[in-house]
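Heads up: the structure comes next, in structure tokens.
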Amino acid sequence: MTDSNSPRAEQIARAAMVALVCSIPVLACLRGAGASVTDADLGWQMTAGMWILHHRALPHTDPFSTMHGAPWQAYSWLYDILLAKLYSWWKLVGIVAYTAGFVALITAAVYRMVSRLTPDFLQRAILTIAPLICMSRLYTPRPWLITILLFVLEIDILMQARRTGRIRELLWLPPIFALWANIHIQFIDGLLVLFVAAAEPILARWWQSDARPPGWRPMVAVTAACILATFLNPYGPGIYRIAWGLASQSGVLNTVEEMKAMPFRTISDYVVLFLALTASGVLFRYRKFPPFETLMLAMAAVLSFRSERDLWFMAITAAAILAAGLPASDRTRMPRRLPAWALSITLVLTAAIALAGASLWNVRQQHLQTILARSMPVNAVVAIRADDYSGPVFNDYNWGGFLIWKLGDPVTIDGRADFYGDARLDRSIKTWSGQPGWDSDPGLRSASIVIAPEKAALTQLLRVDPKFTLVYQDKLAAVFVPRYR
């Protein structure tokens, strides 16, 4: 409820404080804008969006790689179109705007979630900023940003239904899942949360706690409606077959960097751990292990500590548990909702701070293009086009998406690890590291162009291989073509 007796000046100050809290993650995102334009998956996902817009259809076979014609489903098709449109309108600035915009929306959603669970402003600020610090490595133009936003909205809705007993907000969940299933395959994680919430009323018969969950009938009905809503995608129920294929591909956990477990080499990793431990302590001390929070925390531990790309699950879950379970200080209590005019001030201030940050860190097309050229073989592509080389390209995993976007020739591999499979990923790694048998790699033997990172072991081997000719090199990349074909 809005505190109508609060002096206007005090409400303005509160609006300014909320704007500052919400601006910090956005400023961190803008300061690291280079991560947006150098993301390994950016190129192929934009190109997929362009393909869909051009053909007015979804691809059912792969159009981008040397595996041309192999079955492939663009299950993030709606996100791909969004990315392609943003690039067509604003080039690389549009890509940064996507990342910063969704970071802002996630921050606002987290703040709203914790605000509805605690009146303590200091807790709100900490429990908003801490999860966003944890997720800073995920500030890249991926569909997982939309997943994180929708996950926060889901947790917020479920926590309120459990806290108040009112189930009207649950009606938002089916539309959320209908959208989610067309954007990112991790809608499956959201369904797992929903299953836990639906099971809580049943578990509460034997699991003693202070929780007062809604009845099992409305929860089961909403869960069923959400499952049906996920069928509203181009692949229908087949989306679950795609999800199973992704979940059963275990090799990527050891080969793709973002899929590996947290290395605990940065402060953000330890913040995740601290949030997890603190949430466990709060459940033990204040909440008597309610089924929903306890099972959610256990699930978050499995997912987030298994793969760093899923650390958001723990960050958001722990924030919700802490906001609901920590006692609030009377000295830092704040109305749960700002009046509309104060909220407008918050939005204007947040936008102004973000624009100032974009200007300070030179988030402009020319500067972003310079950053891109430092990490991706921009000049090598220019040289290849100038000399009119064409044909299948042998490349490493990190450059595949960029080459799909900028070169257009079929690539050997790119960021679609689920499409290529464990065996092809392992073969690529062994070849690029120069392990015995590298020269028998089918992709290398059939390539018309090899675009190689300058420091890769394979690059040094190709320099002395009589079957290849070096036609271009710079500080970043070397280009080889077969001498005989």
Quick one: does any side-chain atom of S136 pair with a main-chain N or O of I133 as donor and acceptor, under 3.5 Å? yes
Determine the sole option in L173, I176, I316 for which the side-chain contact (heavy atoms from CB on, under 4.5 Å) test with E154 is passed. L173
Inter-residue atom distance I129.CD1 - Y111.OH, 0.5 Å rounding: 10.5 Å
Polar side chain donor-acceptor pair, S36 to T99, under 3.5 angstrom: yes
Distance col, row I185:CD1 vs S76:OG, nearest 0.5 angstrom, shows 7.0 Å
Shortest non-hydrogen contact from G401 toward D414: N-CB, 3.6 Å
Once you round to the nearest 0.5 Å, how far does CG of L145 lie from CG of L149? 9.0 Å
Can you tell me if S307 uses its side chain to pair, donor with acceptor, with the backbone of L303 under 3.5 Å? no
Whether Y87 side chain and G94 backbone form a donor-acceptor pair below 3.5 Å: no
Can you say whether the rings of F402 and W405 are parallel (under 30°), tilted (30 to 60°) or perpendicular (over 60°)? perpendicular
Testing the basics here: between N395 and W432, what is the closest heavy-atom pair and its distance to 0.1 Å? O-NE1, 3.1 Å
Using modelled atom types and a 3.5 Å cut-off, is there a donor and acceptor pairing between side-chain atoms of E200 and backbone atoms of F292? yes
Could you state the interatomic distance from CE (M262) to OG (S268), rounded to the nearest 0.5 Å? 8.5 Å
Heavy-atom closest pair (I157 atom, E169 atom, distance to 0.1 Å) is CG2-O, 3.5 Å
Straight-line distance of L83 CG to L78 CG, nearest 0.5 Å: 11.5 Å
Looking only at atom types and distance, does a side-chain atom of N182 sit under 3.5 Å from a main-chain N or O of A178, one as donor and one as acceptor? yes
May I ask you to decide if T346's main-chain N or O and T350's side chain share a donor-acceptor pair within less than 3.5 Å? yes
Flag the pair M314 / L275 as yes when at least one side-chain heavy-atom distance between them is below 4.5 Å, and no otherwise. no
Using a 3.5 Å distance criterion without hydrogens, assess whether the side chain of R166 forms a donor-acceptor pair with backbone atoms of T164. no
Side-chain atoms of residues 231-247: list all donor-acceptor pairs with protein atoms under 3.5 Å, sequence neighbours left out, distances to 0.1 Å.
unit_1 : atom_1 : unit_2 : atom_2 : d
N233   : OD1    : Y235   : N      : 2.7
N233   : OD1    : G236   : N      : 3.1
N233   : ND2    : T230   : O      : 2.6
N233   : ND2    : G236   : O      : 3.1
Y235   : OH     : A74    : N      : 2.9
Y240   : OH     : T230   : OG1    : 2.6

I want to check something: taking the side chain as every heavy atom from C-beta on, are I106 and V110 in contact at a cut-off of under 4.5 Å? yes
Within the distance-only criterion (no hydrogens, no angle test), does the side chain of W399 pair as donor or acceptor with the backbone N or O of S375 below 3.5 angstrom? yes
What heavy-atom pair brings F313 and S304 nearest, and what distance separates the two atoms? CB-OG, 3.6 Å
F274 CZ: over 12 foreign heavy atoms closer than 6.0 Å: no
Would you say D80 and T47 make side-chain contact, with heavy atoms under 4.5 Å? no
Does anything in residues 122-148 form a ring pair (Phe, Tyr, Trp, His ring centres under 6.0 Å)? List the pairs, not counting sequence neighbours. none
Show the nearest heavy-atom pair for residues W51 and A57, with the distance to one decimal. CZ3-O, 3.5 Å
Locate the shortest heavy-atom distance separating P141 from L42; write the atom from each residue and the value. CG-CD1, 4.1 Å
Atom pair CZ (R424) and CD1 (I429), whose distance is rounded to the nearest 0.5 Å: 13.0 Å
Sequence neighbours excluded, which residues qualify as salt bridge (charged side-chain N to carboxylate O under 4.0 Å, His left out) partners of D310? none
Can you check whether D62's main-chain N or O pairs, donor with acceptor, with H68's side chain at less than 3.5 Å? yes
Taking everything shown except R31 itself, do over 12 heavy atoms lie less than 6.0 Å from its CZ? no
Do W72 and M67 come close enough that some side-chain heavy atom pair is under 4.5 Å? no
Can a side-chain donor-acceptor contact be found between Q123 and T118 if the only test is distance below 3.5 angstrom? yes
Going through the checks in order, is the side chain to side chain donor-acceptor pair (under 3.5 Å) test met by R14 and Q11? CA-CA 5 Å; R14 289 171 174 169; Q11 291 184 338; over 6 Å; no
For the aromatic rings, using the six-membered ring if either is Trp, is the centroid distance between W44 and F64 under 6.0 Å? no
Heavy-atom check, side chain of S428 versus side chain of T412, under 4.5 Å: no
So, Y98 versus F102, ring centres under 6.0 angstrom or not? yes
